[in-house]
Number of protein chains: 2
Amino acid sequence: MSHRLRLVTPALADSIRRCHGCPLNVLCLDELPEDAERSAPCMEQRCIRLRGGEHLFRVSDAVDQHLYIIRQGDIKLYQHGSDGGQHIIEFLGPGAWVGLESLNEHQRHAGAVALTDCEIATVPYTLLTALLDRQPRSAEAFGQLLSGTIARHQQHAAMLRSTSAIQRVAQFLLQRLEQAQGVAQGLARATLPMSRQDIADYLGLTSSTVSRCLSVLRRHGWLAMAQRAYTLPGLRDVEKVAAGAPLALDA
Amino acid sequence: MSHRLRLVTPALADSIRRCHGCPLNVLCLDELPEDAERSAPCMEQRCIRLRGGEHLFRVSDAVDQHLYIIRQGDIKLYQHGSDGGQHIIEFLGPGAWVGLESLNEHQRHAGAVALTDCEIATVPYTLLTALLDRQPRSAEAFGQLLSGTIARHQQHAAMLRSTSAIQRVAQFLLQRLEQAQGVAQGLARATLPMSRQDIADYLGLTSSTVSRCLSVLRRHGWLAMAQRAYTLPGLRDVEKVAAGAPLALDA
DNA sequence: CGCCCTTTTGATCGCGATCAAGGTAAGTGG
DNA sequence: CCACTTACCTTGATCGCGATCAAAAGGGCG
């Protein structure tokens with residue numbers, strides 16, 4: 001649906017440049033025309049660096065009154081299943097906001113782990129609410145951020161209800177490709193920084209089945225993989241599979 | 001998790017009475033001590049009545065800049081699956097807010113249909129934002145409303161990943177029971193105003209399988225149904241099934 | 001090289017989708 | 001009040017897919 005979490009319309013794209021590099025720029029739309037005050041609240045973000053495998057926060061942690069914005073790297077959001085295995089809620093990449101699910105909550109009901117080395121900006125609630133108070137239009141953008149999150153959860157739920165396994169995998173590959181294109185335009189290429197087990201937990205399958213489905217797609221020549229990155233030479237066919245088209249099993 | 005969508009803590013319960021009957025009372029926490037001004041923005045809500053089967057809004061409708069709060073009745077939120085069949089997003093009952101998923105969006109990406117006769121309050125965005133501007137604490141409550149919605153979607157996703165069909169059905173019954181108890185305290189009784197097909201679409205199953213699972217639970221004496229309402233005499237056992245416990249198939 | 005972990009692939013089996021046949025309940029018109 | 005219609009619900013029988021168990025094949029690193 002929406003490319004990653006960008007809220008800015010093309011018409012507003014040039015007004016952004018003044019705050020380029022600031023992770024909050026999606027919310028700073030209608031103030032600070034050209035004066036020097038821009039650095040006041042906008043650039044005082046603290047930045048966190050994580051190595052792959054380190055936690056940003058864990059389930060049941062006290063909420064630290066901060067939101068996070070991913071500047072670089074990939075993160076997985078998970079929670080513990082009743083059976084012990086972890087359920088992946090969502091994979092998040094550059095530009096994504098983390099922590100919206102715990103707004104004004106006392107403790108986290110999800111954990112966040114870095115899949116790769118990460119660079120993450122922190123935004124205290126106080127700064128955010130101050131911004132929202134001063135800039136009416138940023139409140140709209142924040143509302144879109146929240147309903148965008150809800151929309152992505154609905155899309156995920158739709159994926160989980162697809163009866164066929166290969167259908168879910170195809171949808172997953174297409175979804176990541178679409179998100180990656182929001183960041184690097186024109187390049188039909190995305191990455192799988194997470195393990196097969198993570199993908200399986202995300203899609204409600206087993207790692208064996210995920211592996212099998214990827215192999216089938218590769219055998220058809222529709223999927224090309226190079227370690228962590230992949231492309232979809234047979235984009236059209238993969239889209240048909242994702243839509244529920246039947247599939248010949250032979251090579 | 002949280003009982004329906006109530007945000008008020010027990011400590012605040014008595015301060016609510018001043019606005020009892022007002023659907024916005026969950027947000028009106030910290031102002032209007034005892035004066036007569038209460039009726040100014042609080043009671044000017046318009047009310048909509050729907051008969052069972054009528055739409056509140058449809059997919060691709062233009063967003064009318066309103067939120068809805070269910071005062072009476074049940075509603076299902078759905079969207080169209082790529083295969084043509086509809087995917088149920090959520091079942092909503094008295095006290096629930098409708099329309100949060102389309103905040104500041106141009107058109108609905110979900111439809112809302114009444115399952116029973118309904119009474120629904122409408123809240124224009126303008127009123128809501130005015131309220132949020134004047135009452136800082138209501139902004140917190142609104143944040144909880146939104147992250148509560150996200151939390152419910154995560155719970156739904158967890159249900160969809162449960163491997164076993166009877167596990168999902170058991171979780172569904174328990175979830176509805178918990179929600180119903182938020183409204184009518186102490187009564188271990190809930191309703192199924194939706195069709196089996198709707199339940200199936202919600203759980204990622206077929207109506208046959210849902211029917212079969214309900215029959216199994218009834219055969220064990222753990223589930224008692226009277227037309228639209230049900231109780232769970234074997235609550236403990238159903239909880240075990242929901243957690244993934246194996247199940248003897250005989251009567 | 002040997003070790004450990006992830007991934008891939010194979011073989012079997014159980015569960016749930018599918019197709020199909022009653023059964024039940026509410027609404028309609030005679 | 002009773003046939004008739006039209007849903008929806010229940011139950012049965014079969015079959016394909018994906019979970020499961022298991023083994024082999026990479027891949028990173030001392």
Side-chain angles (χ1 to χ4, degrees), chain A residues 51-53 76 81 83-86 115-116 159-170 172 192-219 223 225-230 241 244-251, chain B residues 51-53 76 81 83-86 88 113 115-117 159-170 172 191-219 223 225-230 241 244-251:
Chain A
R51 304 193 79 75
K76 71 172 176 186
D83 56 350
Q86 67 182 0
L115 294 168
T116 65
M159 200 152 47
L160 288 172
R161 272 174 292 207
S162 304
T163 47
S164 160
I166 200 163
Q167 202 175 338
R168 299 189 207 181
V169 173
F172 178 70
L192 295 178
M194 69 297 287
S195 72
R196 300 301 144 96
Q197 185 59 53
D198 285 339
I199 301 176
D201 288 341
Y202 182 69
L203 297 176
L205 301 170
T206 59
S207 57
S208 315
T209 302
V210 171
S211 208
R212 244 183 278 275
C213 290
L214 291 175
S215 297
V216 169
L217 292 176
R218 259 180 302 176
R219 234 190 312 279
L223 166 67
M225 297 187 63
Q227 60 252 15
R228 285 284 138 110
Y230 69 91
V241 172
L247 189 57
L249 291 172
D250 50 34
Chain B
R51 305 194 76 78
K76 70 172 176 185
D83 56 348
Q86 66 182 3
I88 273 66
V113 195
L115 293 167
T116 64
D117 292 358
M159 198 152 47
L160 288 172
R161 271 174 293 210
S162 304
T163 48
S164 158
I166 200 163
Q167 202 175 337
R168 300 189 205 181
V169 173
F172 178 70
T191 60
L192 296 177
M194 70 297 287
S195 73
R196 299 301 145 97
Q197 184 59 54
D198 285 339
I199 300 176
D201 288 340
Y202 182 69
L203 297 176
L205 301 170
T206 58
S207 57
S208 312
T209 302
V210 172
S211 209
R212 244 182 277 274
C213 290
L214 291 175
S215 297
V216 168
L217 292 176
R218 257 180 305 175
R219 225 183 329 268
L223 167 67
M225 298 187 62
Q227 58 250 17
R228 284 285 138 112
Y230 68 91
V241 173
L247 189 59
L249 291 170
D250 49 34

Inset, instruction - Show your reasoning for whether side chain to side chain contact (heavy atoms under 4.5 Å, CB included) applies to B:Val169 and B:Leu205. - result: CA-CA 9 Å; B:Val169 173; B:Leu205 301 170; 4.2 Å; yes

Inset, instruction - Could you check how far CG of A:Asp201 sits from P of C:dT6, rounded to whole Å? - result: 13 Å

Inset, instruction - Would you sort out whether B:Arg196 and B:Leu214 count as a side chain to side chain contact (heavy atoms under 4.5 Å, CB included), showing the intermediate values? - result: CA-CA 10 Å; B:Arg196 299 301 145 97; B:Leu214 291 175; 3.3 Å; yes

Inset, instruction - Would you give the length of the straight line joining atom CZ of B:Arg161 to atom CE of B:Met159, rounded to the nearest 0.5 angstrom? - result: 11.5 Å

Inset, instruction - Go along nucleotides 8-16 of chain D 5' to 3' and tag each nucleotide: B for a protein heavy atom under 4.0 Å from its base, S when only backbone or sugar atoms are that close, - otherwise. - result: -SBBBB---

Using nucleotides 25-30 of chain D, report all nitrogen or oxygen pairs with the protein that are shorter than 3.5 Å.
none

Inset, instruction - List for me each residue that meets side chain to side chain contact (heavy atoms under 4.5 Å, CB included) alongside A:Arg212, sequence neighbours excluded, and say none if there are none. - result: A:Ser208

Legend entry - Helix axis bend for the helix from C:dC1-D:dG30 to C:dG30-D:dC1 - C1'-based end axes, five pairs, 10° rounding: 30°

Legend entry - Residues that A:Arg218 engages under side chain to side chain donor-acceptor pair (under 3.5 Å), provided they are two or more places apart: A:Ser215

Inset, instruction - Take B:Leu192 and B:Phe172 through the test side chain to side chain contact (heavy atoms under 4.5 Å, CB included) and record every step on the way to the result. - result: CA-CA 10 Å; B:Leu192 296 177; B:Phe172 178 70; 3.8 Å; yes

Legend entry - Heavy-atom closest contact (A:Ala200 atom, A:Ser207 atom, distance): CB-N, 3.5 Å

Legend entry - B:Asp117 side-chain N/O to B:Arg51 backbone N/O, donor-acceptor pair under 3.5 Å: no

Inset, instruction - List in chain and number order the residues that pass side chain to side chain donor-acceptor pair (under 3.5 Å) with B:Thr116, two or more places apart in sequence or in another chain; answer none if no residue qualifies. - result: none

Inset, instruction - Could you list by number each residue of residues 161-169 of chain A showing a heavy-atom separation from DNA chain C of less than 4.0 Å, or answer none if no residue does? - result: none

Inset, instruction - Name all residues meeting the side chain to side chain contact (heavy atoms under 4.5 Å, CB included) criterion together with B:Thr163; count only those two or more places apart in sequence or in a different chain, and write none if there are none. - result: B:Gln167

Legend entry - side chain to side chain donor-acceptor pair (under 3.5 Å) against B:Ser211, all qualifying residues, sequence neighbours excluded: none

Legend entry - A:Thr206 side chain near D:dA19 phosphate (N/O to OP1/OP2, under 4.0 Å): yes

Legend entry - For B:Ala245, side chain to side chain contact (heavy atoms under 4.5 Å, CB included) partners two or more places apart: B:Lys240

Legend entry - Pairs where residues 198-208 of chain A contributes a residue and the test salt bridge (charged side-chain N to carboxylate O under 4.0 Å, His left out) is met, not counting sequence neighbours: A:Lys76-A:Asp198

